[in-house]
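Some notes on the structure that comes next.
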Amino acid sequence: GMAYHNGWRSNDQIPLRAVNSGLIDRFGQIDSTDGGKSQRYSLSGTWRHAAGNSVQQVQVFGIYSDLTLFSDFTYFLDNPSGGDQFSQRDHRVVVGGNVMHAQEIHAFGVLHDLKLGLQSRGDLITGNGLFRTTEQVRTKTIRQDDVREWGTGLYAELESQWRPWFRSVLGLRADGYSFDVTSDRAANSGRRGAGIMSPKASLVFAPTPATELYISGGLGFHSNDARGTTITVDPGSGETVRRVDPLVRSRGAEIGIRATPVQGWRSTLSVWALNLDSELLFIGDGGTTAPSAASKRTGVTWANFYRPVPELSLDADVSFAQARLTGVAPGQTRVPGALENVVAAGITRSPRKDGMFGAARVRHFGSYSLIEDNSVRASATTLLSADLGYVLRSGVRVQLTALNLLDARAADIQYFYTSRLRGEPAGGVDDVHFHPIEPRQVRLSLGWGF
């Protein structure tokens with residue numbers, strides 16, 4: 001069982017020009033009444049049974065969630081007098097469960113591991129709404145909906161060890177979704193259903209005991225917001241809009257090598273590709289849909305873990321990716337916000353029983369495009385954090401943690417869009433909007449384990 005309750009006042013992303021001009025500092029706010037409140041309660045349970053060469057597992061869960069957000073991204077662009085603050089509310093009950101059966105099978109002189117499963121989840125959403133507000137007081141309802149959404153998936157996976165140096169993994173998944181939307185505007189109410197099949201396969205070759213070569217491929221999908229599947233009228237402008245497909249196909253493939261060059265060092269190098277038929281999205285801030293083009297992503301990932309001695313471990317992951325929209329005008333192919341290179345690395349010392357421990361970690365997000373023509377790019381972000389502590393013989397653990405150790409003046413999110421501050425032209429100003437990384441923090445914690 002878990003319970004969570006929180007209320008807060010905090011700024012959203014802020015315009016770079018407001019900081020550069022001295023209007024606010026990096027941790028300032030344009031609208032000091034932005035914030036929210038949230039509560040979430042959940043209960044879950046698992047039953048597991050193992051006998052002979054089979055395993056069965058059942059998981060059930062229930063969640064109650066209530067979230068209200070107050071945000072202001074454009075300030076005085078749409079409403080020069082009262083401001084552009086808006087509120088989103090999401091109140092839902094979630095119920096669901098997972099059932100899995102695993103079985104060893106001997107056939108054709110080969111050992112096979114078979115997994116069969118069922119996953120199902122229902123979301124019962126009431127009073128989901130988007131509202132115009134001023135200082136957290138509602139002034140207008142843009143749209144309000146009750147949504148019933150149910151998704152169920154069946155899957156089967158068969159892993160076969162054909163030879164000591166070769167194995168295969170075959171999978172098939174079938175998913176079905178149903179959406180039932182009751183909107184305050186009858187034209188946006190309706191029911192939709194959709195189903196999709198997703199086959200997947202991997203072939204793994206082991207030319208040496210310390211090396212594996214693999215190739216994987218398959219089909220997948222992403223689901224769209226239920227409200228976008230039944231919408232016909234933009235609740236803000238009243239214009240006719242196109243419904244989105246409930247499920248959107250994806251195609252992916254990966255080829256790689258896993259190796260142990262020296263004892264204690266595990267390294268994986270992979271090249272991958274992912275194509276989406278469409279990046280159709282429901283824009284919750286505006287209450288409408290924004291269909292976008294298909295996309296293609298390719299990348300290279302190198303992951304490493306090394307333990308030279310039992311007490312010491314080192315890890316380093318490096319990723320390079322390219323994301324492009326397809327079927328669009330030349331020069332407008334970048335996917336805004338898609339990361340292009342990421343580095344995560346660290347070193348950790350852990351005592352066998354008691355004694356001193358410590359760790360240092362670095363995370364780097366390289367520059368990436370904020371707009372389709374790549375004329376505006378986000379600045380890179382590099383963070384260093386560290387831990388130092390001691391475990392006593394009694395099991396008491398004392399730890400000192402330093403976050404953003406070098407006090408980097410970086411951003412954790414960055415966007416490029418139009419907003420308007422007081423005194424600016426009615427059409428607003430195109431600018432980078434960012435949320436700052438929190439400054440250097442030092443935390444002391446005390447724990448006890450047995």
| said: Under a 3.5 Å distance rule, please check whether Thr381 uses its side chain to pair with a backbone N or O of Phe365 as donor and acceptor. | reply: no
[X] bridged to [Y] by N-O distance under 4.0 Å:
X: Asp123; Y: Arg92; result: yes
X: Arg361; Y: Asp387; result: no
X: Asp78; Y: Arg420; result: no

| query | With a 4.5 Å limit on heavy-atom distance, are the side chains of Gln29 and Ile24 in contact? | reply | no
| Side-chain contact, heavy-atom cut-off 4.5 Å: Ser250 with Leu274? | yes
Using distance alone, with no hydrogens and no angle criterion, decide if [X] and [Y] have a side-chain donor and acceptor under 3.5 Å apart.
X: Ser419; Y: Arg17; answer: yes
X: Asp34; Y: Ser71; answer: no
X: Tyr177; Y: Asp175; answer: no
X: Gln85; Y: Asp72; answer: no
X: Gln56; Y: His101; answer: yes
X: Arg121; Y: Gln119; answer: no

Interatomic distance, [X] atom [atom1] to [Y] atom [atom2] [nearest 0.5 angstrom]:
X: Leu276; Y: Ser295; atom1: CG; atom2: OG; answer: 4.0 Å
X: His364; Y: Leu383; atom1: NE2; atom2: CG; answer: 10.5 Å
X: Lys140; Y: Thr133; atom1: NZ; atom2: OG1; answer: 13.0 Å

| For Leu400 and Val442, what are the C-alpha separation, side-chain angles and deciding distance, and is it a side chain to side chain contact (heavy atoms under 4.5 Å, CB included)? | CA-CA 7 Å; Leu400 191 67; Val442 178; 3.6 Å; yes
| request: State which residue, out of Arg227, Arg148, Arg192, Arg191, fulfils the salt bridge (charged side-chain N to carboxylate O under 4.0 Å, His left out) condition with Asp180. | output: Arg191
| Quick one: does NZ or CZ of Arg89 land under 6.0 Å from the six-membered ring centre of Phe131, within 45 degrees of the ring axis? | no
| query | Do the ring centers of Phe73 and His433 come within less than 6.0 Å of each other? | reply | no
Name each donor-acceptor pair under 3.5 Å that joins a side chain in residues 39-48 to protein atoms two or more places apart or in another chain, with its distance.
residue, atom, partner, partner atom, Å
Gln39, OE1, Tyr41, OH, 3.0
Arg48, NH1, Gln57, OE1, 3.1

| message | Apply side chain to side chain donor-acceptor pair (under 3.5 Å) to residues Asp146 and Thr126 and explain how you reach the verdict. | response | CA-CA 5 Å; Asp146 293 338; Thr126 57; 5.2 Å; no
| From CA spacing to verdict: side chain to side chain donor-acceptor pair (under 3.5 Å), Asp84, Asn79 | CA-CA 6 Å; Asp84 297 348; Asn79 186 349; 5.6 Å; no
| request: Return the minimal non-hydrogen interatomic distance between Leu269 and Trp302, and the atom names on each side. | output: CD1-CB, 3.9 Å
| note | Taking every heavy atom of Ser198 against every heavy atom of Phe221, the minimum-distance pair comes out as OG-CD2, 4.0 Å
| task | Carefully, step by step, assess Arg251 and Asp277 under the rule salt bridge (Lys or Arg N to Asp or Glu O under 4.0 Å). | result | CA-CA 9 Å; Arg251 300 167 179 83; Asp277 282 354; 2.6 Å; yes
| query | Between Tyr417 and Tyr415, what is the ring plane arrangement, given parallel below 30°, perpendicular above 60°, and tilted in between? | reply | tilted
| query | With a cut-off of 6.0 Å (strictly less than), are more than 12 heavy atoms of other residues, nucleotides or ligands near CD of Gln103? | reply | yes
